[in-house]
Amino acid sequence: MSVSKLKSVAGIIIPDSTLANQATELLLEHGTEFIYNHSLRVFLFSSLNGKRNKSIYDPELLYVSSIFHDLGLTPKYSSLDKRFEVDGANAARDFLKSHGIAQESIRLVWDTIALHTTIGIAEHKEAEVALMYSGVGLDVMGEGYENLSEENREEIIAAFPRNDFKNKIIPTFFSGFEHKTETTFGNIKADVCAFMIPNFHRKNFCDCILHSPWSE
């Protein structure tokens, strides 16, 4: 794989800055073609939602966030004890720091990545956070599919194919945290563990209360 030379897809300009290209090169080096295509679709879907909603956002920061959002699933960036979303956010933070990016922009990218699976919160944050949450939701679960024109959908999928995405994405998620399933406690990725592991026992919030060291 190589960095896409497409200047725009579905009317959305793909950032071509040094920062954007170096981020993409990291994904190509440490990720997979499957995650690469997903990440680019997320950026495009997020951007189309931003265009439709007339949102004011930084396209380059949204792009970098999209590129890093699933890098926490890869062996290079996966920790032993953190949520994969946090691993990706931390990797992006280190990358942006190395390029001298302003602290506020780094914080925004960190939140955008760390919260991209957090239902009920991400959509109420800054535009970049809310837009990428919507782009992920569209590509993974079809949320907002009715707002995507057939022309845009076909152009995006032609550029960045899904390649049996529905059947491959759950095992892809699981491969990134099967060594630390406890990190899925309290988030939707526990559903992935339950799907992939027979008789998976979820940690339960009520059990945490009832079995705490408090006597009453």
Q. So, H38 versus F34, ring centres under 6.0 angstrom or not?
A. no
**Q.** For D139 against F45, the heavy-atom pair lying closest together
**A.** OD1-CE1, 3.3 Å
Q: Could you tell me which residues satisfy salt bridge (Lys or Arg N to Asp or Glu O under 4.0 Å) with D87, sequence neighbours excluded, listed by chain and number?
A: K180
Q | Any donor-acceptor N/O pair, R41 side chain to F160 backbone, under 3.5 Å | A | yes
Q | Set of residues satisfying side chain to side chain contact (heavy atoms under 4.5 Å, CB included) with respect to E178, sequence neighbours excluded | A | F174, S175
Q: Find the distance between CG (L115) and OH (Y133) and round it off to the nearest 0.5 Å.
A: 10.5 Å
(Q) Between E182 and R202, does the salt bridge (charged side-chain N to carboxylate O under 4.0 Å, His left out) criterion hold? Intermediate values first, please. (A) CA-CA 8 Å; E182 70 282 356; R202 299 171 185 251; over 6 Å; no
Q: Only counting residues at least two apart or in another chain, list the ones meeting side chain to side chain contact (heavy atoms under 4.5 Å, CB included) with D207.
A: N204, H211
**Q.** side-chain hydrogen bond (donor to acceptor under 3.5 Å, both in side chains) partners for S149, two or more places apart
**A.** N152
Q: Please report the shortest heavy-atom distance between A127 and Y57, naming the atom on each side.
A: CB-CB, 4.0 Å
Q) Hey, what else clusters with L210 if you join Ile, Leu, Val, Met, Phe, Trp, Tyr whenever side-chain heavy atoms sit under 4.5 Å? A) none
Q: For the pair N53 (side chain) and S55 (backbone), establish whether a donor and an acceptor sit closer than 3.5 Å, ignoring hydrogens and angles.
A: no
Q) Among all residues two or more places apart in sequence or in another chain, which pass the side chain to side chain contact (heavy atoms under 4.5 Å, CB included) test with N199? A) none
Q. Under the 3.5 angstrom rule, does the side chain of H179 hit a backbone N or O of S79 as a donor-acceptor pair?
A. yes
**Q.** Check: L108 main-chain N/O paired with T112 side-chain donor or acceptor under 3.5 Å
**A.** yes
**Q.** Where M132 and I113 come nearest, the two heavy atoms and their spacing
**A.** CE-CA, 4.0 Å
Q) What pairs with P161 under side chain to side chain contact (heavy atoms under 4.5 Å, CB included), at least two apart in sequence or on another chain? A) N37, N163
Q: Under 4.5 Å between side-chain heavy atoms, chaining through other members, with only Ile, Leu, Val, Met, Phe, Trp and Tyr counted: pull out the rest of the cluster around F205, sorted by chain and number.
A: F185, I209
Q: Please check if the side chain of S65 supplies one atom and the backbone of L61 the other of a donor-acceptor pair under 3.5 Å.
A: yes
Q) What residues, two or more places apart in sequence or in another chain, satisfy salt bridge (Lys or Arg N to Asp or Glu O under 4.0 Å) together with R52? A) none
Q | Partner residues of S17 under the side-chain hydrogen bond (donor to acceptor under 3.5 Å, both in side chains) criterion, sequence neighbours left out | A | E60
**Q.** Counterpart residues, side-chain hydrogen bond (donor to acceptor under 3.5 Å, both in side chains), relative to S134 (two or more places apart)
**A.** N49
(Q) Through direct or indirect side-chain contacts below 4.5 angstrom among Ile, Leu, Val, Met, Phe, Trp and Tyr, which residues connect to W110? (A) V86
Q. Is D111 salt-bridged to K125, cutoff N-O under 4.0 Å?
A. yes
Q.
Could you check whether any side-chain N or O of H30 sits under 3.5 Å from a backbone N or O of L27, counting only pairs where one atom can act as donor and the other as acceptor?
A. no
